[in-house]
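For reference, the structure is listed below as structure tokens.
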Amino acid sequence: MSVTTDTSEQHKTRDRFIQAIAVFKFVKATLFVLAALGAFGLMQHGVAEQAREWGSALAFTSGQHLVGRAIIFVTGLSRQRIGALGLVALFYAALFATEGVGLWREKRWAEYLTIIATGSLIPLEIWESVHRPTPMKFGTLIVNVAVVIYLVVRLRRARGEQPARAAKASVARSGATGATREPEQSTAG
């Protein structure tokens with residue numbers, strides 16, 4: 001008796017949407033690592049001043065006042081606050097990377113983690129989208145709501161299938177051993 005596993009069958013059963021969510025989480029993790037590195041780079045003496053000068057030159061030559069404001073805001077922060085922003089960015093990078101790896105491997109814990117982490121930020125995203133609306137914010141909100149709904153439905157469906165699988169496995173085991181159980185009859189009269 002040989003047990004073989006068909007890898008092509010395993011690949012067919014992989015959920016493409018879960019894989020897409022995992023890739024999205026990997027991209028977010030990469031962006032947060034880059035943001036952390038940028039924040040830590042701004043902590044070096046002289047880098048903030050150089051960034052402020054470049055930002056000012058860019059804002060005046062291209063008319064992009066937002067770029068100048070953003071750079072002045074970031075470089076105007078104290079070194080401690082920039083360091084804290086870098087640490088927060090690293091925390092989120094680790095969270096997104098953990099979610100991504102778990103989702104890629106289709107681990108149930110990763111689905112729960114993603115629901116909790118993504119779902120907990122949805123109220124803030126709604127507030128932000130209402131008070132400072134942009135197409136990017138609405139798009140992010142819609143994607144995150146869709147991810148949470150999909151994962152909740154997927155987990156509920158899987159939970160409903162577990163008793164059915166257990167019953168089939170029990171029947172298969174009793175059939176495999178050749179044992180059939182007769183219904184018990186009462187001898188009491």
Side-chain angles (χ1 to χ4, degrees), residues 3-43 70 73-74 77-170 172-173:
V3 176
T4 59
T5 58
D6 184 8
T7 57
S8 64
E9 184 177 318
Q10 288 175 348
H11 289 293
K12 288 180 188 175
T13 61
R14 291 188 63 96
D15 188 330
R16 297 292 181 202
F17 196 64
I18 291 289
Q19 289 179 326
I21 296 169
V23 168
F24 181 62
K25 295 294 181 175
F26 290 138
V27 168
K28 287 171 73 172
T30 303
L31 292 175
F32 273 93
V33 166
L34 293 174
L37 292 175
F40 294 139
L42 283 176
M43 290 177 59
F73 170 76
V74 170
L77 294 176
S78 68
R79 291 182 61 152
Q80 291 81 9
R81 287 209 174 153
I82 292 173
L85 284 174
L87 289 176
V88 168
L90 282 179
F91 168 78
Y92 277 108
L95 175 66
F96 293 140
T98 302
E99 287 177 305
V101 169
L103 289 171
W104 188 261
R105 298 181 70 206
E106 295 187 12
K107 298 296 183 181
R108 185 93 42 229
W109 61 262
E111 294 176 26
Y112 283 109
L113 177 62
T114 302
I115 288 170
I116 292 167
T118 304
S120 66
L121 295 175
I122 287 176
L124 296 173
E125 291 176 5
I126 291 171
W127 186 87
E128 188 70 24
S129 294
V130 168
H131 289 87
R132 296 184 198 114
T134 66
M136 180 66 104
K137 289 177 185 175
F138 281 120
T140 302
L141 174 63
I142 289 168
V143 167
N144 286 335
V145 168
V147 164
V148 170
I149 290 171
Y150 179 78
L151 291 175
V152 167
V153 168
R154 178 180 159 89
L155 286 171
R156 283 191 174 177
R157 189 177 333 127
R159 194 174 3 169
E161 290 174 1
Q162 284 177 348
R165 275 193 232 132
K168 285 181 184 178
S170 175
R173 279 193 302 261

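Shortest non-hydrogen contact noted between L113 and E99 is O-OE2, 3.7 Å. Residue L103 comes nearest to A110 through the heavy atom pair N-CB, 3.5 Å, listed as atom of the first residue, atom of the second, then distance. For the residue pair P133 and F138, the shortest heavy atom distance occurs at CB-CE1, 3.6 Å.
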Apply side-chain contact (heavy atoms from CB on, under 4.5 Å) to residues L151 and T118 and explain how you reach the verdict.
CA-CA 11 Å; L151 291 175; T118 304; over 6 Å; no
Please report the C-alpha distance between W127 and R132 in whole Å, then the side-chain angles of each, then the deciding distance to 0.1 Å, and finally whether the side-chain contact (heavy atoms from CB on, under 4.5 Å) criterion is met.
CA-CA 8 Å; W127 186 87; R132 296 184 198 114; 4.2 Å; yes
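With sequence neighbours left out, A97 forms a side chain to side chain contact (heavy atoms under 4.5 Å, CB included) with A29. Listed by chain and number, the residues in a side chain to side chain contact (heavy atoms under 4.5 Å, CB included) with V130 are I126 (sequence neighbours excluded). Among residues two or more places apart in sequence or in another chain, the side chain to side chain contact (heavy atoms under 4.5 Å, CB included) test is passed with A36 by F40, A89, L90. Contacts of F17 classified as side chain to side chain contact (heavy atoms under 4.5 Å, CB included), with partners at least two apart in sequence or in another chain: D15, I21, Y150. The side-chain hydrogen bond (donor to acceptor under 3.5 Å, both in side chains) search around K137 returns E128, not counting sequence neighbours. Looking at residues two or more places apart in sequence or on another chain, you find no salt bridge (charged side-chain N to carboxylate O under 4.0 Å, His left out) involving R156.
Considering OG1 of T140 and CD1 of I122, their distance stands at 11.5 Å, rounded to 0.5 Å. The OG atom of S120 sits 12.0 Å away from atom CD1 of I115, with the distance rounded to the nearest 0.5 Å. Distance check: T114 OG1 to L95 CG gives 8.0 Å after rounding to the nearest 0.5 Å. To the nearest 0.5 Å, atoms NZ (K107) and OH (Y112) are separated by 15.0 Å. With rounding to the nearest 0.5 angstrom, the CD atom of E106 is 9.5 Å from the CH2 atom of W104.
At a threshold of 4.5 Å between non-hydrogen side-chain atoms, the residues V101 and F26 count as touching.
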